[in-house]
Structure formats: structure tokens, C-alpha cells
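Notes to accompany the following structure.
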Protein chains: 2
Amino acid sequence: MSKTTVPFSRESLEQVLKRRFFFAPAFELYGGVSGLYDYGPPGCAFQANIVDTWRKHFILEEDMLEVDCTMLTPHEVLKTSGHVDKFADWMCKDLKTGEIFRADHLVEEVLESRLKGDKLARGEKVSEEEDEDKKKRKKKVKEIKNVKLDDEVVKEYETILNQIDGFSGPQLGELITKYDITNPATNGKLEPPVEFNLMFETAIGPSGQLKGYLRPETAQGQFLNFNKLLDFNNEKMPFASASIGKSFRNEISPRSGLLRVREFLMAEIEHFVDPEDKKHPRFDNVKDIKLKFLPKSVQESGSNELVEETVGNAVSSGMIDNETLGYFIARIYQFLMKIGVDADRLRFRQHLSNEMAHYAADCWDAELQTSYGWIECVGCADRSAYDLSVHAAKTNEKLVVRQPLAQPITVEKFEVEIEKKKFGPKFRKDAGKVQDWLLSRTQCDLEDLSKELKDNGKIIFTVEGIEDKVELDTSFVTIEKVSKTEHIREFTPNVIEPSFGIGRIIYSIFEHQFWARPEDSDRSVLSLPPLVAPTKVLVVPLSSNPDLQPLTKKVTDYLRSEQIPFKVDDSSASIGKRYARNDELGTPFGITIDFESVKDESVTLRERDSTKQVRGSFEDIVKAVKAITYNGVSWAKGTADLTAFETASE
Amino acid sequence: MSKTTVPFSRESLEQVLKRRFFFAPAFELYGGVSGLYDYGPPGCAFQANIVDTWRKHFILEEDMLEVDCTMLTPHEVLKTSGHVDKFADWMCKDLKTGEIFRADHLVEEVLESRLKGDKLARGEKVSEEEDEDKKKRKKKVKEIKNVKLDDEVVKEYETILNQIDGFSGPQLGELITKYDITNPATNGKLEPPVEFNLMFETAIGPSGQLKGYLRPETAQGQFLNFNKLLDFNNEKMPFASASIGKSFRNEISPRSGLLRVREFLMAEIEHFVDPEDKKHPRFDNVKDIKLKFLPKSVQESGSNELVEETVGNAVSSGMIDNETLGYFIARIYQFLMKIGVDADRLRFRQHLSNEMAHYAADCWDAELQTSYGWIECVGCADRSAYDLSVHAAKTNEKLVVRQPLAQPITVEKFEVEIEKKKFGPKFRKDAGKVQDWLLSRTQCDLEDLSKELKDNGKIIFTVEGIEDKVELDTSFVTIEKVSKTEHIREFTPNVIEPSFGIGRIIYSIFEHQFWARPEDSDRSVLSLPPLVAPTKVLVVPLSSNPDLQPLTKKVTDYLRSEQIPFKVDDSSASIGKRYARNDELGTPFGITIDFESVKDESVTLRERDSTKQVRGSFEDIVKAVKAITYNGVSWAKGTADLTAFETASE
């Protein structure tokens, strides 16, 4: 494909996406709601094709168990998972105007704008992209002031900006005070940052007493169904569940179009694996794939230089923690290549320790480069046993795998024995609670309790739902280490989670595949791969002459029976105009029906990117379209048996 | 297919659906939340296949414009659509216990139970289904008391039950008082019914000031995008948009499993049509389809007898209002047949005037018969111009079609002329509001205002946002009828809306296709059509002998390359057991690999319902599977070239 030399313009792209109704702000008629977008017909079809490709690439090829869980989620579940306490951003309020700012974004923007002002004051050039940024991102900072800064201050600002994702709320508050950051519009003083939980809250049922949220991720539903899934999988490990659906995030002040929205489509995999064996049976299939990495160590040294390496070496060197994580990183890469991501603008960045989500043990993001910078589009996290453990502890249900041991083993472990007869009279209705508490202790807890019981002759502890402290002496309970022969190994699986933000991927592909024809920069093209393009074929009768209609119907009936999505354009616009319109829609093929066609049922096939044309019977042409679109055959190979067709330039 | 003589048991069906994880109560680990369900792998695949079939049957074949709009919807939109005021059920509270009842359901259950008690007291038999109902539906009324009622009371009860969908809240309150209906558990007195809005409410953004709801239907998003869709369709009429996605309904006290849930998948079509021409170009294709109707007139005469009629006759006789409505009713029927609905348990029931949704001008429901009675699964409503009109009026944006007239026409219409120079000084900042108010009046309004102005020399009116009444005399405004030549016809389209509740359809198909083998009532079968069955093929190596593994891999690789969803069962269970398990999963085909297969690569193909078997090369067998599954070929025709294979009974 002959990509253009015309420089990329976000403005042109946005105009095309709007004009062709790929997407639009939701409720625009009512003034719109920021962070909410609707997909129009081509956006919706593109999204559906990406989801379909995802389903085949992951669920079918890897034999995953797809589930569809509810978005409404009761408070208790998300309290346990940690989201009620930790799924939050920091916001600052200007008490005078009532305006609310996301603290990290505000610090970032103000410091960036000061650095730009410094550059201008020093007579340096500010890059055009930065300039465009300023115009298009609806930044809070409307105006750059040319003020020169001390060299030392410049350095401080740069250091802060490099670490901006790692600051806590109080630290952001200190930065705001230290660097005198105010409401950029009014210069008004800001309140110190406070936490704002990003979940949408609602009440389930008529009483109003069951608090719930819209899920922030699809993962929790998958974890809660773990036992049923393991059973469905005939107890075989490892296995993965997967889910495609909307999740929600009540962003403080979303902008950046599709990259930061309040309601978004996710596709998430939870791969359950033995923590003692994270090898992957198909790792050999992917180990030679070379990828661009940005590991933690490089970032910590203050650099952004990419490390190019095979997945095999990345795992064997320990840069990627284990085979399963490496396997999925490679599979993510393969998927992104199928759907139109530019390999040169994809990197895998490892999370720094202080930016990791509260549940993650290790995490790599597939980041795509756009005019907004490098954007996290797929996360690939090792959530360890965190989620299954906390839900099991909270509900007192086991979420474990039990496997027969080849050789029985002898283990020493602490066990609790309870004098049940004495419990009833002492604790009455609370007896069950006390027992449950004791029986759900970890081995570590039990070691401590055993020591306490031995040392003091009693143990004292607090049980949720019982007001007074509970006190038990040795006549009620014994806690001792015993030797046991075990035939079954019981373990909580670890979870490797590849998690895809479909909307962000979609937008990045738009940027990666948008270009203008060098001969005419107004003629822009979206080079979406045929596999995922919204419509595969535009059928173009040369004119509205009724003689062309019977064959047009024959061709479209045939396309429909072959289940190839197509559109007919029988408008009176010129052929060139009709194709130009569909270049913007990303339609990869055009079939032209002319007066020659009526004689012998031959038609012309046009390829979008090269505008090359070939001719043949309409059945052969459709066969070529099918092979190229669905079987990954190249244009050259797919049309080898057809006749090249020369035409005046469009 | 040889369906069984073993009577249907809802209990067995539910056990199978649970055991095979078609679906399960969501958050079961946490005790569950009523009205919320998760789909497990087979349920999820079945749902995805139904959605895929829907997309092909409607969106692709009818060339509809699919959109994907947000679920989060701001208050103002749903206030305008009428949902804030009217999307509600009536509930009664027992102030002592805090229990909340849905008023119509409570009246229904209590009267039904009294009628049953009366039957028992009269020594009549209560049907088993009614008995099962009592057991399984978790009814509020736990116990039937044998109390004989007066003949007259029996008649009154029956009349009320026939009209139960038509009572208003106050009317339900009167019934509760009149018939002394109390909390069935405690006999406690109930508060009069109050309205409960069924939308889930939330706050959008950090300020908490933008109130929003989870959408109760996908329709509003489609209406709000009308102008963009019309433009995308090159201004051509009629056209349809379509949307598949979750909607929400905060049911007061949901039960009946998948039939009444708080979060559900909908597939909705909005077909925009010229109100003066509701013909449909492809009506001829469907006019001879014979359907079972329950028209309004029959219901009003107190009967439930179905009218069997072709769609063509139903439209020409006026029973169905217009061709487009008739066309979609027929297309709904065709779709339901494809996915496994039993034609004998499908009827189209016309809404009574008093049960119609607030926006509907006419409405037919596709109802499916289940053990819960006849269930509304698809609505097909003529929403008239209601939605487009109210949104246009509220936002002052035109939502209309403009078509050039073949012949210019002269129309008489009222027009407003405003003395702009005098408006500014008089109304200052409110001038715009007053003007907008005047310019957005309907012709009827203007006729009245014109008369008022003529009679009184002034008009007086109230404008939202202006405290005092507005008074204008003839020096400010003239409102007169003028003759105008128009070259453009401008109209608000009417909307025909087929709306599918996917979950209800799924559950009904389970009931329609569930049976037990007469030779062994424990062996149950879900006869899901191959097209929509979760998995198409079960691959069964005869034993775990390693000799069988290479061919098993070859067969599964081939199935994967042909994109046919399959599962392998290489467990040590008997062939019969392995097939029985998959009969419950609705898997239509089994491929057995035996020692003969290793020699010549021939395999056996088993059909689920008949348990018939044929043998051939694995490529030919897969070809047959593909033809039967995706091209609607019959078993007899699809396997005609293969060898019949006799085997001992399973």
C-alpha cells in the first residue's frame, strides 16, 4: 500500500469520522454529555468485526469459556474486590466557580504549558503537534504565557512529568501548593485534592436499600463463577474464561474523544493457572515473535528507549515473568496485527511498581502511538490469586482447584479443634460466627494463635458482627501442628488477565490507517484491513441506465448469498466521487458494472489503497474478494487469474 | 425429530440448564440478587448465535443501519420521551414488615389462589401444571385454602383476572380494599399502591448534578440520531436503524427466572416510514405466510380463540393496520422459526387500547407459550411520530424528512410575524425565549392564538423560565393564515418498531425444545437447531488409546479451519454417556473416531434427535455438517451420499 507523504492531521481525520458517522457525541441534540459516544453504522460494523475477530482469535482458537455476566453489581462484591475503596481518582475543586479538575491532569497540563512558555521565551520552536494539541484537546490551559524559567525549575518540572502517573493524592496536593497551581481560567485557589470514586452508583430494587454499581470491569463476574467454570471444564487446568461487554468509569472530566469515555466496550480474558507451573503448552508457537518492549528497568533509569527482543528471550531472561504472560503478550500482538494496528507504533510497556492496579503482581500494557501520545489499549496483568482469595475469604466458599497427587505427601499444618459442646452455651446465637472465624484462618494466623494460646493459656480476638472481644481458653479450643498424609493438592489458581479496551484500539487504528492521496490531499483514505472493514464491497453501476439493473441485482444477490457485506451506490455522482466516498469509509473493494458487463457478465474489481483494477466474471471476482477478505490471501495472489484492467486515473 | 411422550417437567429442564451452566443466578456466591442472571459458556454461545442470526436476518438482509448507543442516558432525554413520568409499576408496602409487593401481581396471585381454593372446596381437580406453578414460582401465596366462594364472586374474580393488565394504580387499590387483599404471609394490612419508576438512576460526572438513568430501551438513542442516519442513508426513505444491547428495568420483585429480569439483552429495529405511505416493497414475499392471530376484537369479546390467516388477508381486511407492520410481523415469524421456536406455541396478540405503552398507536406482540403461560417475547409497535416529535419540540431541532414535490402545492397555514425591534427593549434577556415559544407552536396552537389576538387585541401566555405571564398585543406580533406555494414536502416519519427480548426468547426455546427419550426419561435432550446450537460437533475418540490421537487432531484441526465450533470429549466415560451429556447441551452432531478410522480416515456422524448414524471420510462428514448447519439442508439430503451405519442402541 502506498501510504502518503501528506502529514497526518487529526482535524481531517475527525472530520471524516464525523462526516461518515463512524461515531458521534451521544445526545448531541441535547447538547451532549462528555465522555459518551454513539457509534454510527460504519463504526458499529467495524466494532462488530473487531469483536468477531477477537472471539475467533482467542475464544475459538484457544478454547476459552465465554460468559456474559451482569453489569449491575452489588456493593458487597466491589467492596471485597477493593474497588469501593481504591477505584478512584483525585479531584480538586475551585470553591468559587464550582469547577472540578482531575488533579494529576491539571498538574500535568499546567507544568507542560509552563515548559512550552519557557521554550517560547527562549526562542525555541514548539512543535506543530504540540500546537495542534493545544487547539484540539480542549485543554484547561487556554493560553501559553512566554515566561522563562530557571534551568533548575525546568529540570524539576520534567522529572515530575515523567512520574506523573505515580503520585498519590496528598503528593499532588503538595505539588499544587509548591508550584502555585490554580484554576487556569480564573487564577482561583483550589481545594486540596479529594478522592472521587469512579464507579456509577445506583440502587437495586424498590426499597432503595441494596446499593449497587455499574461494573468497572468484566473480571469480577468471571471470578465469581470460577467454581461453575471449573466444573464445566471437567476440573481441567489451566483454562480461561472470557467476556465481552460494556464497563463504566465515571471520569472526572473526560476529553480526548474515544480515548477516555465513561461507557466502553471491553473484552477480557481470565486465564486460571497453577501458581507453581506457569508454563504454556503452545509457547513454542510464539517464542520467535520479535516485539518492542519498554521494561520497568529502562523506565526507572529515566529512558524511553525500546528493547527489541523475541518473546522467547524476554521470558528466558526474566524480563517477562513467565511463559503464560509471554504467550498472551504474543497473542495480543498477533491480534492487533490482524485488525490493522501499525507494528511500528506498538510497544509493550511494563508497569512501574507504584502505578500498578491494586490487585496486580505484574503488568504489561500494549500501548499504541497516536497524536495524543502513547495510549494504553490492552493490559496484560498477572492478578496473582488476589481476587479468588478475597472473594473466598469474604463468602467462606472455597475457590480452589483440587488435584490428586501422584505421590501422597506428608504435610505439617496447624489445625483447630473446637469443643463444640461448650461453644453453644457460651456464645448462643454467635457460636456459628466464632467457629467460622476460627476455621477460616490462614496457616500464618494459626501459627500466631497457637503461640498465643500456648503462652497465655487463651486467645482474644474480634469477630465482625460481635460487639465484645471474644476470649477462648484451652478448654474451648486447641490449635496444634499435626502431621497429615495428603492425597489431594488444593490450590488457589493465579490469574493472567489480558484486557482489551475496544474503543481505544478502534481510535488508534483510525489514526494508523488514515492517509491522503499524494495527488490530492482532500482525498483521504482509511486503509482498514478487509477482514474488519465495515463494508467489504461497493457495487457501482456505471450509470442509472436500466439496462444495468438486472446484472446489478444478480451481483448483489450473489454477494448476499455469500454473506459478504456490501453497499450499492447507484447515485448519479461520478465513479471517482463514489469511490472517494467509500475510501473514507474504508471499503476495500469496488465492483463496477458497465455496458460490457451486460454482454458477458464480467465486472471490474478495484482495490482501495492502490486503486488497481482487474476484470473477470462476477463469480470469480467475488471468489477473489472472499479469499482476500476472509482467508488472508494477498491481492496479488487472490487476483492472479484475473485480467489486469487499465483505466484513466480516477 | 421424534419428540417424546414423557410429559414436560420444568423442574427437569431447570436442573439441566443449571447443571450444564446455560445460566445461573448472578452473584450466587454472595447470596444472589433477584432478577440478575449470568450466562455460562453454552448459554452465552447460544445467545451469540441468536444475535448473529438476527443480525443476518434483519440488518444484512434488510440493509438496516446498525448503531450502538450508550446505556447511560441523561434525565432530560427520558423526561421528554415520557419515561420519567410513565415508565412505572404500582407497588404496595406492608408498613409493619417493610415487604413490598407489585400491586397487579399481588391481586392476580391472591385471586387465583382463592379460585383454586374454591375449586378444591368444590371437589374439582386442580391441574398438575397449576400445582407445579405453585411449587416453583416462589409465589407470595404459599398455601391454598379450601374455601368455597359464591358463584357470583367466582365470576367477578375471573373477569378481573382477564383484564388484570389494564387496571390503573388507584383501581388496583380499590380492588385490594374491596376484596380484602393483605400480605399473604402475615395477613398484614397494605398501604395503597404508589407508583415506582422502573429506571435505575445514577449521577453522571463528579458534581453529582447531572442526573441520568440506565436506558429502559435502546430506541431513544436511535431516535436522537435520526438526522445523522437519514443523512448517512443519502436522504432515502423508508429506512430502518437497528440496535443490539442491554437495557435495564428495576423490577419490583422479579421471579420467573429469565422471563423477568432487571438487565436484559434487546434487539430493536426502528423503521422510519412515510405516514402517508406505509406500503412495503417486499410485502409480496411474505403475504402468503399463515399465522395465528389474537386480535383486539376477539379479546374484547372475552374469547381467546386464535384466528388463523395469511398476513396478506390480515392486512387487506384491516386487522393489521398496514403493510409495513404486516411485513415485520411475518419477518419476526420467519426469524423465530429459524432459531427453534415451536410454531404451534406462537401467537400474535394485538394490544388492547388500555394496555398499550404510552407512545404506541398500535401494537402486536409475538407471544410464546411456556409453562408460565403465554409470554410476550417480541413487540411490534407503531410508535407513530411520537418520539421524533417530542424530541424535536423539546430541543427546537427539526427531525423531519424533506422531499421535493413532483407538483408544487399551495397550502394555507398560520404564520407568526414578530416585531423584532420592539421585542428586545421589552423583554431584554428573555426576548429569545419568547420568540422561540412563538415559533415552536403547532398549527392548532396558532389557530387559537390567532383567534385570541383578533378577539382581544392581545395574547397572554406562559413561557418556561419566565416568571410573569407574557402579554403581547398586535403591535408586537401578527398571526395570520397565509397562502404559500410549497416545492418541498416536509414530514415527521412514523416509526414501526419490532423489539426483541432475547432472554425471553431463549428461555421459551429451551421449553419448546426440551424432551426426554421415551426409552429413558432421565435422558433429556435439548433439540436446538444446528444453526444456533452452542457447539455444533462433539468429537469422540472411542477410547484414550494413543493410536486414535493423530486422527483426532487432524479432524479437530480441520473443524477449526472450517470455523465450526466443536468440543472434544476424550474422557473415559462410555460413548453413550458422552453423547447423553451433549444431548443436554443441545449439540446436534457427534463424530466418533474408532480403530477403523485410523485405517481409512472414515468417521461416524451421529444425529442428536434421531440418534441415526452415517459413515464417510471425515472431509465428507464435515461437509455434511456444514451444509446442514449453515445452509439449512435437511439431514436426509445432507447425508444422502454417506453410508448408513447401524450400531447397537446407545
Side-chain angles (χ1 to χ4, degrees), chain A residues 21 24 26-30 33 36-41 43-45 47-48 56 60-61 65-74 76-77 91 98 100 196 200-207 210 214 221 224-225 228-229 231-232 234 246 248 250 252-253 262-263 391 395 397 560 563 565 571, chain B residues 21 24 26-30 33 36-41 43-45 47-48 56 60-61 65-74 76-77 91 98 100 196 200-207 210 214 221 224-225 228-229 231-232 234 246 248 250 252-253 262-263 391 395 397 560 563 565 571:
Chain A
F21 199 9
F27 315 109
E28 210 172 16
L29 217 53
Y30 281 81
V33 176
L36 294 181
Y37 291 88
D38 291 341
Y39 285 88
C44 195
Q47 176 182 266
K56 282 177 182 147
L60 282 185
E61 281 187 36
L65 306 181
E66 187 176 352
V67 294
D68 182 12
C69 304
T70 61
M71 298 168 196
L72 288 166
T73 308
E76 215 185 343
V77 170
M91 64 178 187
I100 290 169
F196 172 67
F200 287 98
E201 189 181 319
T202 193
I204 302 172
S207 73
L210 182 57
L214 296 176
L224 294 184
N225 282 305
K228 293 188 183 101
L229 290 164
D231 176 53
F232 186 84
N234 296 326
K246 293 270 172 81
F248 301 82
N250 197 4
I252 290 174
S253 101
R262 287 174 165 153
E263 179 178 329
H391 288 302
T395 61
E397 297 276 351
R560 191 175 285 118
Q563 305 205 333
S571 71
Chain B
F21 198 8
F27 314 109
E28 213 173 13
L29 218 52
Y30 282 81
V33 176
L36 294 181
Y37 291 87
D38 291 342
Y39 285 87
C44 195
Q47 178 182 266
K56 283 177 182 148
L60 282 184
E61 280 186 37
L65 306 180
E66 187 175 353
V67 294
D68 181 12
C69 305
T70 62
M71 299 168 197
L72 287 165
T73 308
E76 214 184 343
V77 170
M91 66 177 184
I100 290 169
F196 173 67
F200 287 97
E201 190 179 319
T202 193
I204 302 172
S207 73
L210 182 57
L214 295 177
L224 294 184
N225 282 305
K228 293 187 183 103
L229 289 164
D231 175 53
F232 186 84
N234 296 325
K246 293 269 171 83
F248 301 82
N250 198 4
I252 290 173
S253 104
R262 286 173 165 154
E263 179 177 331
H391 288 303
T395 61
E397 297 277 350
R560 192 175 285 118
Q563 304 204 336
S571 71

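Only a predicted model underlies this, so the values are computations on that prediction, with no experimental measurement involved.
- Heavy atoms of A:Glu397 lying under 4.5 Å from chain B belong exclusively to its side chain.
- Most heavy-atom pairs under 4.5 Å with chain A, from the set B:Val33, B:Leu210, B:Val77: that is B:Val77.
- B:Asp68 places no side-chain N or O within 3.5 Å of a backbone atom of A:Cys44 that could act as its donor or acceptor partner.
- Looking at A:Phe200, both its backbone and its side chain come within 4.5 Å of chain B, counting heavy atoms on both sides.
- The contact between B:Ala26 and chain A is made entirely by side chain atoms (from C-beta outward), counting heavy-atom distances below 4.5 Å.
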**OP:** Evaluate side chain to side chain contact (heavy atoms under 4.5 Å, CB included) for A:Thr395 paired with B:Tyr30, printing each intermediate quantity in order.
**Re:** CA-CA 6 Å; A:Thr395 61; B:Tyr30 282 81; 3.6 Å; yes

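- Interface remark: of the candidates B:Thr202, B:Asn234, B:Leu65, B:Thr202 forms the most heavy-atom pairs closer than 4.5 Å to chain A.
- Remark: A:Glu76 CD to B:Phe27 CZ distance equals 11.5 Å, nearest 0.5 Å.
- If you take CE on B:Met91 and CD1 on B:Ile100, they are separated by 5.0 Å, rounding to the nearest 0.5 Å.
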Original post:
Would B:Phe248 and B:Met71 count as a side chain to side chain contact (heavy atoms under 4.5 Å, CB included) if you check the C-alpha gap in whole Å, the side-chain angles of each, and the deciding distance to 0.1 Å?
Top reply: CA-CA 9 Å; B:Phe248 301 82; B:Met71 299 168 197; 3.8 Å; yes

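- Contact annotation for B:Thr73: both backbone and side-chain heavy atoms come within less than 4.5 Å of a heavy atom of chain A.
- Contact of A:Leu214 with chain B is made through the side chain alone, with heavy-atom distances under 4.5 Å.
- Across B:Gly40, B:Gly205, B:Ala48, the residue that shares the most heavy-atom pairs under 4.5 angstrom with chain A is B:Gly205.
- Note on B:Asp231, B:Leu229, B:Leu224, B:Leu29: by heavy-atom pairs under 4.5 Å with chain A, the leading option is B:Leu29.
- Ranking B:Lys228, B:Lys246, B:Gln563 against chain A, the residue ahead of the rest is B:Lys228, based on heavy-atom pairs under 4.5 Å.
- At distances below 3.5 Å, not a single donor-acceptor pair connects side-chain atoms of A:Asp38 with backbone N or O atoms of B:Gly221.
- Ranked by non-hydrogen atom pairs under 4.5 Å with chain B, the options A:Arg560, A:Arg262, A:Gln47, A:Glu61 are led by A:Arg262.
- Under a 3.5 Å cut-off, the side chain of B:Glu263 and the backbone N or O of A:Leu72 do form a donor-acceptor pair.
- A distance of 13.5 Å separates CG in A:Asn225 from OH in B:Tyr39, rounded to the nearest 0.5 Å.
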